[in-house]
Amino acid sequence: MTDKDFDLFPSPCYIMEEELLRKNLTLIKSVADRAGVEIILAFKSFAMWRSFPIFREYVEHSTASSVYEARLALEEFGSRAHTYSPAYTEADFPEIMRCSSHITFNSLAQFRRFYPMIQAAGQDISCGIRVNPEYSEVETELYNPCAPGTRFGVMAEQLPDVLPQGIDGFHCHCHCESSSYELERTLEHLEAKFSRWFPQIKWLNLGGGHLMTRKDYDVEHLIRLLRGLKERYPHLRIILEPGSAFTWQTGVLASEVVDIVENRGIRTAILNVSFTCHMPDCLEMPYQPVVRGAEMGDGGAYVYRLGGNSCLSGDYMGLWSFDHELQIGERIIFEDMIHYTMVKTNMFNGIHHPAIAMWTKEGKAEIFRKFSYEDYRNRMS
């Protein structure tokens with residue numbers, strides 16, 4: 001996309017580029033084919049369903065973490081979900097069963113509680129249990145599923161020697177934007193603690209966080225790891241369910257400057273988007289996103305903090321150096337804003353939600369959704 005192309009979209013707007021998406025999908029399919037594993041899309045990172053027909057050209061299934069995501073898998077992705085939730089309820093479970101081909105339970109208690117419902121329904125559903133290898137290299141505790149006291153997964157010492165009838169697989173998730181070398185070390189811990197049960201199961205889901213589309217990711221090493229795992233346990237079906245890898249560096253959040261304020265030498269460009277509402281991972285992770293045409297830090301001649309348009313005091317990020325004075329109405333482009341953005345946005349303060357769109361491979365602006373006052377009002381009651 002050129003700068004002029006942004007004039008074809010509303011402001012603010014999330015804009016995915018189809019060619020960049022297809023590049024990622026091609027790589028992911030190549031890994032799956034060469035390694036002999038299945039790689040499925042995790043909706044918790046990305047669920048822009050209008051793009052699902054493109055995904056279905058490359059992958060067949062998706063993973064859900066709730067009854068709504070499971071329904072989205074069936075009705076919009078076109079296949080039943082691989083579903084995992086920290087806790088199911090009696091109210092939701094019939095719909096979970098209808099929409100799922102695989103259901104993973106977070107605890108043995110949940111499995112015992114709900115497996116009889118699966119038996120009674122007579123549906124073709126494969127059940128698994130989430131296991132905790134007690135090892136993760138994720139440094140941000142908010143995203144570390146193996147932190148001490150975690151509520152996720154069953155530890156090896158809690159499993160009986162013979163798994164309960166009905167458990168077909170293990171699910172293990174302990175990565176976040178991780179490398180293949182972190183996976184290698186994780187597999188060492190996973191196998192040391194849980195491989196004695198592998199002869200009793202049919203599949204092993206290695207969860208998400210495998211950022212194989214990042215430029216510095218060692219894809220060949222990943223393929224060797226997965227091939228080696230399959231050689232050691234040839235009866236196991238290996239599944240990966242990354243989220244960010246599918247939509248990494250595939251699009252932007254386009255915004256604009258609405259005011260510039262100064263306080264004690266700090267100039268803040270206030271935008272028509274909000275970090276807390278529209279880019280929450282920047283504050284939660286935290287990280288400073290890339291801004292097109294700017295350098296991070298205060299080393300340049302024109303330095304600005306970028307501020308959101310909510311009334312949260314901490315709704316800002318920075319500093320960035322520009323090569324010119326910013327002007328009211330000037331476009332500010334945040335790079336890599338497709339994964340873990342739209343799925344986590346909120347309407348705090350009733351702030352206008354960015355539109356959702358795609359720049360097609362034919363060079364056309366396709367507007368999927370614009371939001372209105374009624375979207376905010378209808379969420380409130």
Side-chain angles (χ1 to χ4, degrees), residues 1 14-63 73 77-79 81-82 137-138 172-187 203-231 237-252 281 287 289-290 335-343 358-363 366:
M1 290 181 63
Y14 295 104
I15 307 169
M16 168 177 269
E17 294 194 44
E18 182 180 351
E19 285 190 358
L20 298 178
L21 173 63
R22 287 185 179 276
K23 180 181 177 181
N24 283 359
L25 288 167
T26 299
L27 185 148
I28 289 170
K29 186 178 188 304
S30 172
V31 171
D33 291 344
R34 292 175 60 197
V37 303
E38 182 173 14
I39 303 179
I40 63 181
L41 170 66
F43 285 167
K44 66 180 180 180
S45 169
F46 177 81
M48 191 174 80
W49 56 270
R50 290 283 295 272
S51 67
F52 287 173
I54 298 173
F55 280 81
R56 284 304 304 270
E57 296 177 30
Y58 302 85
V59 296
E60 296 183 0
H61 296 98
S62 59
T63 180
F77 203 82
S79 57
H82 292 234
E137 298 182 30
V138 178
C172 174
H173 174 66
C174 49
H175 295 101
C176 179
E177 298 185 359
S178 302
S179 72
S180 60
Y181 297 92
E182 289 167 80
L183 173 60
E184 183 174 34
R185 293 186 288 271
T186 298
L187 286 175
W203 52 265
L204 176 63
N205 187 323
L206 296 175
H210 313 281
L211 195 48
M212 62 190 75
T213 51
R214 187 172 58 195
K215 288 182 179 179
D216 62 349
Y217 193 98
D218 193 337
V219 172
E220 296 303 319
H221 180 246
L222 172 66
I223 292 171
R224 290 196 300 271
L225 278 181
L226 296 174
R227 284 177 173 172
L229 183 64
K230 287 184 63 64
E231 288 173 2
R237 176 186 172 203
I238 307 299
I239 305 164
L240 284 74
E241 48 179 41
S244 295
F246 280 95
T247 51
W248 183 260
Q249 298 287 353
T250 58
V252 303
D281 267 4
Y287 75 97
V290 174
E335 303 283 6
D336 197 24
M337 282 292 161
I338 300 300
H339 57 95
Y340 283 109
T341 50
M342 288 176 276
V343 294
M358 177 175 285
W359 182 248
T360 70
K361 58 183 173 59
E362 293 82 16
E366 186 171 355

Next item on the list: For E241 and H82, run side chain to side chain donor-acceptor pair (under 3.5 Å): C-alpha distance rounded to whole Å, both residues' side-chain angles, the deciding distance at 0.1 Å, then the answer.
Entry: CA-CA 9 Å; E241 48 179 41; H82 292 234; 5.6 Å; no

Checklist line | T186 versus H175, side-chain donor and acceptor atoms under 3.5 Å | finding: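 Side-chain D/A pair, H175 to T186: present.
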
Please identify each residue that fulfils side-chain contact (heavy atoms from CB on, under 4.5 Å) with [X], with sequence neighbours left out.
X: N24; value: T213, W248, T250
X: K29; value: D33, Y58
X: R185; value: Y135, E137, Y181, E182
X: I238; value: V37, L204, L206, L226, L229, K230, L236, L240

Between [X] and [Y], what is the shortest heavy-atom contact and its length?
X: Q249; Y: D336; result: N-OD1, 2.6 Å
X: G209; Y: H173; result: N-CE1, 4.1 Å
X: R214; Y: E177; result: NH1-O, 3.3 Å
X: Y217; Y: S178; result: CE1-O, 3.3 Å

Notebook entry, point to check: In chain order, what residues pass the salt bridge (Lys or Arg N to Asp or Glu O under 4.0 Å) check against E362, with sequence neighbours excluded?
Noted result: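 Checked E362 against salt bridge (Lys or Arg N to Asp or Glu O under 4.0 Å); zero matches.
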
Heavy-atom side-chain proximity of [X] to [Y] below 4.5 angstrom:
X: I40; Y: T63; answer: yes
X: M337; Y: V252; answer: no
X: M358; Y: I54; answer: yes

Next item on the list: Run the salt-bridge test on R34 and E220 with the 4.0 Å N-O cut-off and return the result as yes or no.
Entry: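 Looking at E220 together with R34, the answer is yes, because their closest N to O distance falls below 4.0 Å.
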
Margin query: Let me confirm one number: the CE-OG1 distance from M342 to T247, rounded to the nearest 0.5 Å.
Written below: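 Atom-to-atom, M342:CE and T247:OG1 are 7.5 Å apart.
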
Check: When you measure from the side chain of R224 to the backbone N and O of A35, does any donor-acceptor pair fall under 3.5 Å?
Finding: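 Absent.
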
Without placing hydrogens or testing angles, list every side-chain donor-acceptor pair under 3.5 Å for residues 42-50, not counting sequence neighbours.
| from | atom 1 | to | atom 2 | distance (Å) |
| --- | --- | --- | --- | --- |
| S45 | OG | S244 | N | 3.4 |
| R50 | NH1 | F368 | O | 3.4 |

Next item on the list: Verify the neighbour count for atom CD of E335: are there more than 12 heavy atoms of other residues, nucleotides or ligands below 6.0 Å?
Entry: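 More than 12 within 6.0 Å, yes.
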
